[in-house]
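Structure first, then comments.
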Amino acid sequence: MKKKLLSLLLALSLVVSLAACGSSGSTSGSASSDATSDTSEGASSAAEEESSATTEEESADSVEFAGTITLGMIGPMTGSLAVYGTHVANGVNLAIEQINAAGGVTVGDETYELAVESKDDQGDSTECLNAMNALISDGIELVIGSATSGCTSSITSVANSEGVVLITPSGTADALTTEMDYVFRTCFKDSFQGELAAQYASDEGYTKVGIVYCSADTYSAGLRDAFAAAAEELGLEVVAEESVATMTEVDYTNQFTKMVEAGAELVFIPFYYDVTGPYLVPQARSVGFDGILLGADGVDNTETTIPDGADLSVYNDFLFVNHYSTELATSDISASFVESYEEAYGETPNNFDALGYDAVLVLKQAIESCGAFDADSVQAALADTSVVYEVSTGTFSFDDTGTPIKTGVLMGYSYTEGDDAVTKIAVTTLSLD
């Protein structure tokens with residue numbers, strides 16, 4: 001297993017397209033080797049144990065590092081969306097530990113180890129901005145975060161004005177990345193997954209669809225716009241559309257009563273898992289909606305919020321567009337990631353784990369390709385749209401806005417009478433081709 005990971009990570013460090021890169025003129029992105037995360041100890045403890053064992057067994061082949069490159073990480077480590085942040089942290093920490101165990105990051109003729117300084121934004125935009133400013137004050141030039149579009153949108157202007165590279169693993173709002181700036185992502189964008197959702201509805205023969213969304217939220221409203229536009233192009237009739245004022249609404253009965261009255265066969269629901277599990281799905285079924293509930297990536301992890309004693313049969317026909325599935329991703333890199341993650345954390349990774357992991361791999365490749373780790377040089381490397389990245393969620397290149405060109409997957413939940421829990425299922429790969 002260790003040799004397999006070593007070979008894999010060495011393969012990932014192939015030098016690409018030097019023309020796009022600057023020279024190593026700044027060392028403000030480095031820190032002393034005792035730099036540590038202030039929020040991720042609990043999330044990474046199992047992986048640290050495995051990494052420690054690996055280091056001890058391979059001490060004869062250990063590398064003397066020239067220094068440490070410290071990445072920043074921002075995400076909701078506490079609060080209602082903490083599942084997102086802790087899973088991103090799991091992926092980030094696993095990638096860093098594997099890279100260091102395999103010899104670190106090669107920068108010119110020297111080798112550096114990676115470290116991470118983490119900040120908790122609590123799922124709040126103001127806290128996210130405070131976290132970003134704190135990382136910048138500490139001299140961090142390469143930041144992974146945040147997990148949500150709303151929080152990420154609060155720090156993109158700071159990243160660009162201060163010249164700090166920002167890679168969001170799961171911020172999907174279209175406007176987060178623009179041409180030739182310092183903001184990138186390892187996920188797809190909302191317009192793409194909204195189009196994928198509408199394409200699925202059309203391919204399956206649904207003609208009457210509904211939409212329930214949050215008009216005040218960047219993520220939800222953006223997905224609504226993309227789905228509605230694609231539905232019109234595909235000839236789908238939006239027979240009813242209802243909105244709520246907040247992403248924490250707990251009563252959806254009126255909205256779904258109108259879906260039933262309008263004859264909707266499928267309803268698009270761009271919300272987060274913390275409301276779909278306990279409120280939205282069971283309430284939709286309680287008023288008689290028995291069609292397809294189709295969400296986006298934010299409803300992943302719904303199984304963690306289903307109340308004890310709930311009627312689990314209501315979660316059948318609840319599907320969602322997602323970035324990644326362990327069942328459908330079959331590359332060697334993905335298989336190795338899944339195996340390593342399960343060994344480190346004792347559970348199967350989800351898309352947030354994978355996208356966080358991939359953000360580190362992308363930064364490593366960019367640093368090594370240009371032989372520098374200052375933000376200007378890394379930004380130039382990432383802005384080269386000819387570069388191909390082979391990571392756990394697949395193979396992609398960035399478009400000219402810093403968004404990956406990739407496929408998606410359709411996942412969902414299934415319940416069989418007699419089981420004690422719902423099962424998350426992978427349905428199919430999704431593409432607009």
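A quick note: this is a predicted structure, and the numbers were derived from the prediction, not measured.
When every heavy atom of A296 is checked against every heavy atom of L223, the shortest pair comes out as CB-CD1, 3.6 Å. The shortest heavy-atom contact between P270 and S220 is O-OG, 2.8 Å. What you find for A159 and V183 is that their closest heavy atoms are CB-CG2, 4.3 Å. Shortest non-hydrogen contact noted between S170 and A147 is OG-O, 2.6 Å. Across S286 and T253, no two heavy atoms sit closer than the pair OG-CG2, 4.5 Å. Closest heavy-atom contact between V165 and A375: CG2-O, 3.4 Å.
Looking only at side-chain heavy atoms (C-beta outward), D317 and R285 come within less than 4.5 Å of each other. The closest side-chain heavy-atom distance from L432 to L196 is below 4.5 Å. In this structure the side chain of L293 never reaches within 4.5 angstrom of the side chain of T276, judged on heavy atoms. Contact annotation: the side chain of L363 never approaches that of F373 to less than 4.5 Å [non-hydrogen atoms, C-beta and beyond]. Contact check for V321 versus F227: no side-chain heavy atoms found under the 4.5 Å cut-off. Looking at V360 and L114, their side chains come closer than 4.5 Å, going by heavy atoms from C-beta outward. A 4.5 Å side-chain heavy-atom check between E342 and P349 finds at least one atom pair inside the cut-off.
Residues forming a side-chain hydrogen bond (donor to acceptor under 3.5 Å, both in side chains) with D290 (at least two apart in sequence, or on another chain): none. In this structure A230 satisfies the side chain to side chain contact (heavy atoms under 4.5 Å, CB included) test together with E195, A198, sequence neighbours excluded. Taking the salt bridge (charged side-chain N to carboxylate O under 4.0 Å, His left out) definition, one finds that R185 meets it with nothing, sequence neighbours left out. Scanning for ring pair (Phe, Tyr, Trp, His ring centres under 6.0 Å) contacts around Y315 gives an empty result, with sequence neighbours left out. Every ring pair (Phe, Tyr, Trp, His ring centres under 6.0 Å) that F398 has, sequence neighbours left out, goes to F184, Y389, F396. Residues passing the ring pair (Phe, Tyr, Trp, His ring centres under 6.0 Å) test with Y213, sequence neighbours excluded: none. For Y84, the ring pair (Phe, Tyr, Trp, His ring centres under 6.0 Å) partners at least two apart in sequence or on another chain are Y272, Y273, F352.
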Full working for side chain to side chain donor-acceptor pair (under 3.5 Å) between S377 and D374: CA-CA 6 Å; S377 299; D374 63 283; 2.9 Å; yes
Test log, rule side-chain contact (heavy atoms from CB on, under 4.5 Å), inputs V299 and F318: CA-CA 10 Å; V299 307; F318 174 29; 3.9 Å; yes
Worked verdict on Y324 versus T326 for side-chain contact (heavy atoms from CB on, under 4.5 Å): CA-CA 7 Å; Y324 171 79; T326 56; 3.8 Å; yes
side-chain contact (heavy atoms from CB on, under 4.5 Å) evaluation trace for V164 with Y182: CA-CA 6 Å; V164 173; Y182 282 77; 5.9 Å; no
Side chain to side chain donor-acceptor pair (under 3.5 Å) assessment of N351 paired with D297: CA-CA 9 Å; N351 63 303; D297 62 326; 4.9 Å; no
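With Q283 contributing its side chain and Y252 its backbone, the two residues share a donor-acceptor pair below 3.5 Å. Side chain of K364 to backbone of I96: no donor-acceptor contact under 3.5 angstrom is found. A side-chain donor-acceptor contact under 3.5 Å links S397 to the backbone of V387. The main-chain N or O of L355 is found under 3.5 Å from a side-chain atom of T186 such that the two form a donor-acceptor pair. Remark: side-chain polar atoms of E368 are paired, donor with acceptor, to backbone N or O of T106 under 3.5 angstrom. With hydrogens and angles disregarded, a donor-acceptor distance shorter than 3.5 Å links the side chain of T305 to the backbone of T302. Between the side chain of Q193 and the backbone N or O of A226 there is no donor-acceptor pair closer than 3.5 Å. Of the possible donor and acceptor atoms, none in the side chain of T218 sits under 3.5 Å from a partner among the backbone N and O of G150. Between the side chain of N90 and the main chain of D353, no donor-acceptor pair closer than 3.5 Å is present. For S336 (side chain) and D332 (main-chain N/O), no donor-acceptor pair under 3.5 Å exists by modelled atom type.
You'll find the ring centres of Y341 and Y345 inside the 6.0 Å limit.
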Would you list the atom pairs, donor with acceptor, under 3.5 Å between side chains in residues 127-135 and any protein atom, with sequence neighbours excluded?
| from | atom 1 | to | atom 2 | distance (Å) |
| --- | --- | --- | --- | --- |
| N130 | ND2 | T126 | O | 3.4 |
| N133 | ND2 | L129 | O | 3.3 |

N/O donor to acceptor pairs below 3.5 angstrom from side-chain atoms of residues 415-427, sequence neighbours left out:
| from | atom 1 | to | atom 2 | distance (Å) |
| --- | --- | --- | --- | --- |
| Y415 | OH | D419 | O | 3.3 |
| K424 | NZ | D300 | OD1 | 2.6 |
| K424 | NZ | E303 | OE2 | 3.3 |

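Here CE of M73 is found 9.5 Å from CG of D120. Values are rounded to the nearest 0.5 Å. In this structure, CD in E64 is found 10.5 Å from CD in E110, a value given to the nearest 0.5 Å. Between the OG1 atom of T393 and the OH atom of Y357 there is a distance of 11.0 Å, given to the nearest 0.5 Å. Atom CE of M180 sits about 10.5 Å away from atom CG of L382, to the nearest 0.5 Å. One distance of note links CG of L361 with CD1 of I99; it measures 5.5 Å at 0.5 Å rounding. Atom OG of S340 and atom CG of L94 lie 6.0 Å apart (nearest 0.5 Å).
Applying the salt bridge (charged side-chain N to carboxylate O under 4.0 Å, His left out) rule to pairs touching residues 173-184 yields nothing, sequence neighbours excluded. The side-chain hydrogen bond (donor to acceptor under 3.5 Å, both in side chains) pairs that include a residue from residues 143-156 are D121-S146, where partners are two or more places apart or lie in different chains. Counting only residues at least two apart or on different chains, the salt bridge (charged side-chain N to carboxylate O under 4.0 Å, His left out) pairs with a member in residues 209-229 are R224-E241.
There is no side-chain donor-acceptor pair under 3.5 Å between T385 and D400. With no hydrogens or angles considered, a side-chain donor-acceptor pair links T68 and E113 at under 3.5 Å. Checked by atom type, the side-chain pair E390/S331 shows no donor-acceptor distance below 3.5 Å.
Each of V238, L294, I269, V267 was checked for a side chain to side chain contact (heavy atoms under 4.5 Å, CB included) with I211, and the lone residue meeting it is V238. Under the ring-ring contact (aromatic ring centres under 6.0 Å, His included) test applied with F320, the options F268, Y200, Y413 reduce to a single match, Y413.
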